Amino acid sequence: MFIGNKWVDATSGRTIPCVNPANETEFDTVPAGGNEDVDAAVRAARAAFDGGWKRSDPARRAELLRNLARNIRESRERLGELETIDNGKPLAEALYDVDTAAQIFDMYADLTEQFGGWRGTELELPVDYLKTTVTYQPLGVVALITPWNFPIEQFTWKVAAAIAAGCACVVKPSEVTSLTALALAELVQNSGFPAGVLNVVTGYGREAGEALVHHPGVDKVSFTGSTATGRRIMSLAAATLKRVSLELGGKSPVIVFGDVKLDRAVEWVMFGAFVNQGQVCTSTSRLLLHESIAPLFLDKLKEGAQSIVVGDGRTAGVQMGPLASAEHYNKVTGYVAAGLNEGAELLTGGGRPKGLNNGYFLEPTIFTKVEPHMSIWRDEIFGPVLSVKTFTDEAEAIALANDTDYGLAATVLSEDVARAERVVDQIDAGITWQNCNQMVVMQAPWGGMKKSGFGRELGKWGLEAFLEVKQRTRWLPDGGLGWYRPAA
Ligand code: NAD
């Protein structure tokens, strides 16, 4: 683990195995951090923050962030390979994640330099005896807890914004995929950051994760993960009144109207359901299909799903890798069994791809004859499992789209722009796409409504999530006295 610029093992000496999900072999271990390790990391972060980082010049922070972006680009292949071995995703996608990470560190370098909130904005007041300015300052020591589906990206979204804001961080990556967070910590070390600005504690959620949420020295927890864990974190954080932001799960709809260009729409639907093995918080795992095109669309979709090349992410040409862990594989295949039990029909998939006898592989899977009460329609499966329902008119599509506890993302495919805009207006989701799917616009706010959490990452919203706001009101000696007259 990386604490105060030093590489350390867990105080307890315990470790967690790192398993390659493509072949089920253990190839490394990471420390299983606990209370004492978390305490050391929080102290290191506090010392860095109070020791000057909180007053550091944004231009200096920008320079360090750009050094880090450059170091990430130079380690591109190594980081990509490591991500694929640890998480399973196809190498091309892992490399895309690395490239995006470098861009995000650069973007936050620009944002912290340009941010007007450091100097402050003066408010227009209806009185002439007061001057009020609003300034921002770094929030403090922040705990950044990330999931296993996009380990490099999730590290980056949080760390880049927190550091740009002038916070000191303790990152707790998922126990399933901790290696790239440690590799990134090494690059942070080589980029010139003061000791303690970034610390990485590996470990289990119930141990290292909860220790961070309990720790009185932590000012905020920024969490990405499941809704169940988010709920627990929010309740635990109440004891110390920590700020929390929660990026949680989803069960996002993709609505396909009858006027779409069929082949392209099929591609967007497949991308939304199967990219990253469907382990995407914004995965559009509920397909709402206009009845007029349903038979032809489903034929094409089935053919498309069956043509996806599944295999070890390091093999050239592979489009879908294994699920990230044995535990997760069991969860996803459990949902496939539940779907069948509940009476849905498999259009394609549901089993192990031929020839892949080892590794956590599942075929791209599509269910039809799905009813709204079924678990495959309601629960976040977080795997390559798409559930399909048809609709007859716009109002029904909107009602079905909103019939979920979640509110993370929604996609509308239609050649009629006015209709797509109208539908987007009526869907309760934080991220919406029209005639595309799963596009991550790093300048735009990312986060959910309803049980998908609250708070936004990326863009200026990501920066503001790590800031406190302060009003500075001053009496103007030359101003009129207004209604208030101080004693002479
Ligand atoms: P998870 O909730 O099991 O774990 C996420 C992180 O929280 C891990 O680091 C884990 O160790 C830690 N953790 C677990 N229990 C904890 C506890 N009691 N206290 C503190 N920390 C704890 O989620 P996961 O299985 O790793 O990730 C999948 C989930 O993440 C899905 O629900 C997915 O939708 C969500 N996700 C959301 C977004 C988003 O932007 N909204 C992005 C990616 C993933």
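Remember, it's 1-based here, ligands and their atoms both numbered in the order they're listed. Given the structure is predicted, the values throughout are model-derived calculations rather than measurements. When a residue number appears, it is its place in the shown sequence, counting from 1.
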ask   = Where do Asp86 and Pro21 come nearest, in terms of heavy atoms and distance?
value = O-CD, 3.7 Å

message = Among Leu182, Leu144, Leu198, which residue satisfies the side-chain contact (heavy atoms from CB on, under 4.5 Å) criterion with Phe155?
response = Leu198

Protein contact of atom 31 (C) of ligand 1 - nearest heavy atom, named by residue and atom, plus distance = Glu380 OE1, 3.3 Å

ask   = Judging by distance only, is a nitrogen or oxygen of Trp157 under 3.5 angstrom from one on ligand 1?
value = no

request  = Identify, for atom 13 (N) of ligand 1, the protein heavy atom at the shortest distance, and state residue, atom and that distance.
outcome  = Gly205 CA, 3.4 Å

query = Are any of the heavy atoms in His328 under 4.0 Å away from ligand 1?
reply = no

query = Is Gly447 near ligand 1, meaning one of its heavy atoms is under 4.0 Å from it?
reply = no

request  = Starting from atom 9 (O) of ligand 1, find the nearest protein heavy-atom neighbour and note its residue, name and distance.
outcome  = Thr146 O, 2.7 Å

request  = Go through Glu81 and Arg314 one step at a time and tell me if the salt bridge (Lys or Arg N to Asp or Glu O under 4.0 Å) criterion holds.
outcome  = CA-CA 8 Å; Glu81 278 259 321; Arg314 285 176 298 172; 5.1 Å; no

inquiry  = For atom 2 (O) of ligand 1, is there a protein heavy atom at a distance under 4.0 Å?
reply    = yes

ask   = Can you find an N or O of Thr229 that's nearer than 3.5 Å to an N or O of ligand 1?
value = yes

key: Trp433 vs Trp268, ring pair (Phe, Tyr, Trp, His ring centres under 6.0 Å): CA-CA, chis, key distance, verdict   = CA-CA 11 Å; Trp433 291 290; Trp268 284 128; 9.5 Å; no

ask   = Which residue owns the protein heavy atom closest to atom 7 (O) of ligand 1, what's the atom, and how far is it?
value = Phe223 CE1, 3.1 Å

Identity and separation of the nearest protein heavy atom to atom 36 (N) of ligand 1 = Cys281 CB, 3.4 Å

task = I would like to know whether Lys158 and Glu247 meet salt bridge (Lys or Arg N to Asp or Glu O under 4.0 Å); could you show each step before the answer?
result = CA-CA 11 Å; Lys158 293 189 192 300; Glu247 300 276 353; 6.0 Å; no

ask   = Can you tell me which residue and heavy atom of the protein come closest to atom 25 (O) of ligand 1, and the distance to 0.1 Å?
value = Trp148 NE1, 3.0 Å

note = Of Gly430, Gly250, Gly225, the residue with the heavy atom nearest atom 35 (C) of ligand 1 is Gly225

query = For Thr224 and ligand 1, does the shortest N/O to N/O distance drop below 3.5 Å?
reply = no

task = Report, in ascending order of atom number, the atoms of ligand 1 lying under 4.0 Å from any heavy atom of Arg232.
result = 18 (N)

ask   = Which bit of Phe382 gets closer than 4.0 Å to ligand 1, counting heavy atoms only: side chain, backbone, both or neither?
value = side chain

ask   = Does an N or O anywhere in Ser226 fall below 3.5 Å from an N or O of ligand 1?
value = yes

ask   = Of all the heavy atoms in Trp446, does at least one lie under 4.0 Å from an atom in ligand 1?
value = yes

request  = Start with the C-alpha gap between Asp219 and Arg46, add the side-chain angles, then the distance that decides, and say whether salt bridge (Lys or Arg N to Asp or Glu O under 4.0 Å) holds.
outcome  = CA-CA 10 Å; Asp219 298 302; Arg46 179 58 61 190; 2.9 Å; yes

request  = List every atom of ligand 1 that sits less than 4.0 Å from any heavy atom of Asn149, numbering the atoms from 1 in the order shown and giving each element.
outcome  = 43 (C), 44 (C)

